[in-house]
Amino acid sequence: MHLNGKNVMDNITIARLLDETAALLEIDGQDPFRVRSYRRAAEAVEQQTTQLATLTEPDSDPKALLAIAGIGKGMAQNIRDLVATGTMPLRAELLTKYKPTMLELLRLPGMGPKTVAMLWSALAVADIDTLEEAAKAGHLLKLPRMGQKFTEKLLKGIADHKKNTGRFRIDQATAFADRISALIREFPGIETITPAGSLRRGRETVGDLDLLVTGPACEPDVVAAAVDHVAALPLIDKLIAKGQNKVSFTLRNQLQVDVRLLPRASYGAALQYFTGSKHHNVTLRQRAIKRGLTLSEYALLRVEDNVIVAAATEQEIYNALDMAWIPPELRENCGELEAAAASFAGKAEGGLPTLITREDIRGDLHMHTFETDGACSIRDMAEAALARGLKYIAITDHSKNLAMTNGMDDARALAHAARIRQVNTEMEGRITLLAGVEVDILGAGELDLEDSTLAQLDIVVASVHSRFDQPAEQMTDRVLAALENPHTRILGHPTGRKLLRRDPYAIHLEKVLKRAAELGVAVEHNAAPARADLNDLHLRMAKQLGCRLVVNTDAHAIEDLDYIRWGITQLRRAWLTAADVLNTQPTAEALLANLRPKP
DNA sequence: GCCGTTTTCGGCCCGACTGTTTTCAGTCG
């Protein structure tokens, strides 16, 4: 990352180095609580919207770092060392004893710090390839607690790791969750199946799937039959574990699924527990202990006599801990527990926000038709948007520079606008259509249609579509220049980020967001998971900088309008309310009044 | 290494599952 012309360490890198140090400490067999504090610090750093490098400069407030929960005197010094030198004494010392490739070993299933440490001391194994050789040669059998079965499992794990597909997009994971749930539901006596874990929290990607199953068939005395049913599902590729009330398996695409079957009486406790996040739960249980209670996936119990205080619903559990119920999207131990306590106590300040919902969205300002690369007509899109309860939409087909989409030149853009206005009339006020264009930002930031054309349109979305390989400075300058064009009303997909793909263009987002806020250009969050643009951290940053935000689907077909669901999820994760998003305005007139005025 | 309405020391979440074991250590979520 660049700052005032200098190349400095960004928060993500600082967090990664702290997390790696935690892993090395663990391999070194050091105090687990010290390890945890490094992990916690890494998480805290990752969540910050301001770059910590700016807080380590000599003239900045020395207390600023300490104000972050989880960062004390020692960790603040570590961060200063990292920013100044690229490493820190503890990390450098650990790396003289161990090799960084050992961290890769920890990602193999069944491999933890103790095993990695033993492999290193007994066999000098420090990387996956050497481990594979040792396992195939049978060297592991000589080691304590390692037999034939462990070796087989490890080799399978290594093979899977090598073709590893990593994390899955939230929409794809949801589709799998639905399919698996339908199969599980065929067993009589199963009533409710709820995806928990990071899917319920609305993370953009999930590493595995947690499915929570309840119903009469899940009562302790009869659950075994239901467990057998789950363990025999036809789409299971590999069964990983099968216990009294838990089944773990992977699908052919390597997605891991954990299914838990739990009695109805403890449904709320189980849902709370398996939704996480881990750090949210840890803090919650600490809070329970302070009140003489203990929380597990079965119940919130009073310690002195083991009496159940709450178990059936999440609401009961949070309330018993003097907190309001917390929406799953906020459960990241990022201030939500304090806010929930304030809400429960009826305090006016610092409570939980009323998060934005799908119903708050009244318009969608970015979509395509078959005039360029969409699949439907203007009328189709209008009717579909109306059916979904929208009050206004903008039709924004591509401009000429995107030749592969049959992009429009000036004359076509104006003719298309006339047709959009015609359909608007035909809709007789049931929904308002705004005439727009998604214009391409060219090399030096100029737009690829004439200003005289843009002047006749309601909505101009300016987006970068090419040269993602340019250096960040150049891309940033290009976007900044496009913002200066007075016709630019919305900055479309500002980072060009393609989730799970390696080639998003780098951009100095903070600079761009600041300028957009100053000029009153609205910044788009693209709701489609495949094009997921700003993550919750970016969205928080945008709010902090005073940006006007819009969430658009960039729909190319009718069903794409439903992408709004995923966009809303990310907005909620960023603690945003309806007031933070422009396309919650009740009418097209109100929306236009909030956009940058036309020149 | 962090933290504090039991505060500067002594705590730091909880339970299930696996493999290799005869009572448990390590891993996982």
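So you know, we letter chains A, B, ... as the sequences are listed, proteins then strands, and number each from 1. Computed from a predicted model, the values in this text were never measured in an experiment. The analysis underlying the following values was restricted to heavy atoms, covering all of them including side chains, and did not include hydrogens, waters or symmetry mates.
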**OP:** Working to the nearest 0.5 Å, report the span between NE2 of A:His279 and CG of A:Leu337.
**Re:** 12.5 Å
Original post:
How far does CG of A:Asp322 sit from CZ of A:Arg291, to the nearest 0.5 angstrom?
Top reply: 4.5 Å
What integer number of Å spans the [atom1] atoms of [N] and [M]?
N: B:dA25; M: B:dT20; atom1: C1'; result: 10 Å
N: B:dG29; M: B:dT22; atom1: P; result: 27 Å
N: B:dC2; M: B:dT6; atom1: P; result: 23 Å
N: B:dC9; M: B:dC14; atom1: C1'; result: 25 Å
N: B:dT5; M: B:dG1; atom1: C1'; result: 24 Å
N: B:dG10; M: B:dG15; atom1: C1'; result: 25 Å
N: B:dG11; M: B:dA16; atom1: P; result: 26 Å
N: B:dC28; M: B:dT23; atom1: P; result: 25 Å

Subject >> Below 4.0 Å: OP1/OP2 of B:dC17 and any side-chain N or O of A:Asn245 >> reply: yes
Original post:
Would one find a side-chain N or O of A:Ser248 under 4.0 angstrom from OP1 or OP2 of B:dC17?
Top reply: no
Nearest-Å distance for atom pair [atom1]/[atom2], residues [X] and [N]:
X: A:Ile240; N: B:dC17; atom1: CD1; atom2: C1'; result: 12 Å
X: A:Gln286; N: B:dT6; atom1: CD; atom2: P; result: 15 Å
X: A:Arg39; N: B:dC2; atom1: CZ; atom2: P; result: 16 Å
X: A:His280; N: B:dC14; atom1: NE2; atom2: P; result: 15 Å
X: A:Lys290; N: B:dT7; atom1: NZ; atom2: P; result: 12 Å
X: A:Arg287; N: B:dT5; atom1: CZ; atom2: P; result: 12 Å
X: A:Phe33; N: B:dC12; atom1: CZ; atom2: P; result: 6 Å
X: A:Asn281; N: B:dC14; atom1: CG; atom2: C1'; result: 10 Å

Original post:
Could A:Arg167 and A:Glu204 be called an ion pair, given the rule that one side-chain N must be under 4.0 Å from one carboxylate O?
Top reply: no
Original post:
Within the structure shown, what part of the strands sits under 4.0 Å from A:Leu284 by heavy-atom distance: base, sugar-phosphate, or nothing?
Top reply: nothing
Original post:
Touch check for A:Ala288, heavy atoms < 4.0 angstrom, all strands: base, sugar-phosphate only, or nothing?
Top reply: nothing
Subject >> Summary of salt bridge (charged side-chain N to carboxylate O under 4.0 Å, His left out) pairs that have at least one residue in residues 92-109 of chain A, sequence neighbours excluded >> reply: A:Asp28-A:Lys97, A:Glu104-A:Arg107
Original post:
Of A:Asn78 and A:Thr294, whose nearest nucleotide on DNA chain B comes first from the 5' end?
Top reply: A:Asn78
Can a side-chain donor-acceptor contact be found between [Y] and [X] if the only test is distance below 3.5 angstrom?
X: A:Thr13; Y: A:Asp10; result: yes
X: A:Thr192; Y: A:Arg264; result: yes
X: A:Gln570; Y: A:His525; result: no

**OP:** For A:Thr313, enumerate each residue passing the side chain to side chain donor-acceptor pair (under 3.5 Å) test, keeping only those at least two apart in sequence or located in another chain.
**Re:** none
**OP:** Tell me the partner of B:dC24, counting only Watson-Crick (N1-N3 plus N6-O4 or O6-N4) or G-U wobble (N1-O2 and O6-N3) with both under 3.5 Å; none if nothing fits.
**Re:** B:dG19
Subject >> Pairs touching residues 219-233 of chain A that satisfy side chain to side chain donor-acceptor pair (under 3.5 Å), sequence neighbours left out >> reply: A:Asp228-A:Lys242
What's the closest nucleotide to the [X] side chain, out of [options]?
X: A:Ser296; options: B:dC14, B:dC17, B:dC12; result: B:dC14
X: A:Tyr298; options: B:dC12, B:dC2, B:dG15; result: B:dG15
X: A:Arg40; options: B:dA16, B:dC3, B:dC12; result: B:dC3

Check whether any side-chain heavy atom of [X] sits under 4.5 Å from a side-chain heavy atom of [Y], and report yes or no.
X: A:Leu90; Y: A:Leu24; result: no
X: A:Leu105; Y: A:Ile128; result: yes
X: A:Met75; Y: A:Val45; result: no
X: A:Glu329; Y: A:Asp536; result: no

Original post:
Near DNA chain B, under 4.0 Å by heavy atom, which residues of residues 84-101 of chain A?
Top reply: none
**OP:** Residues of residues 118-138 of chain A with any non-hydrogen atom less than 4.0 angstrom from an atom of DNA chain B: list those, numerically ordered, please.
**Re:** none
Subject >> Parallel, tilted or perpendicular, as decided by the 30° and 60° cut-offs, for the rings of A:Phe168 and A:Phe176 >> reply: perpendicular
Subject >> Where protein sits on nucleotides 19-29 of chain B, one letter per nucleotide: B base, S sugar-phosphate only, - none, heavy atoms under 4.0 Å >> reply: BS---BBSSSB
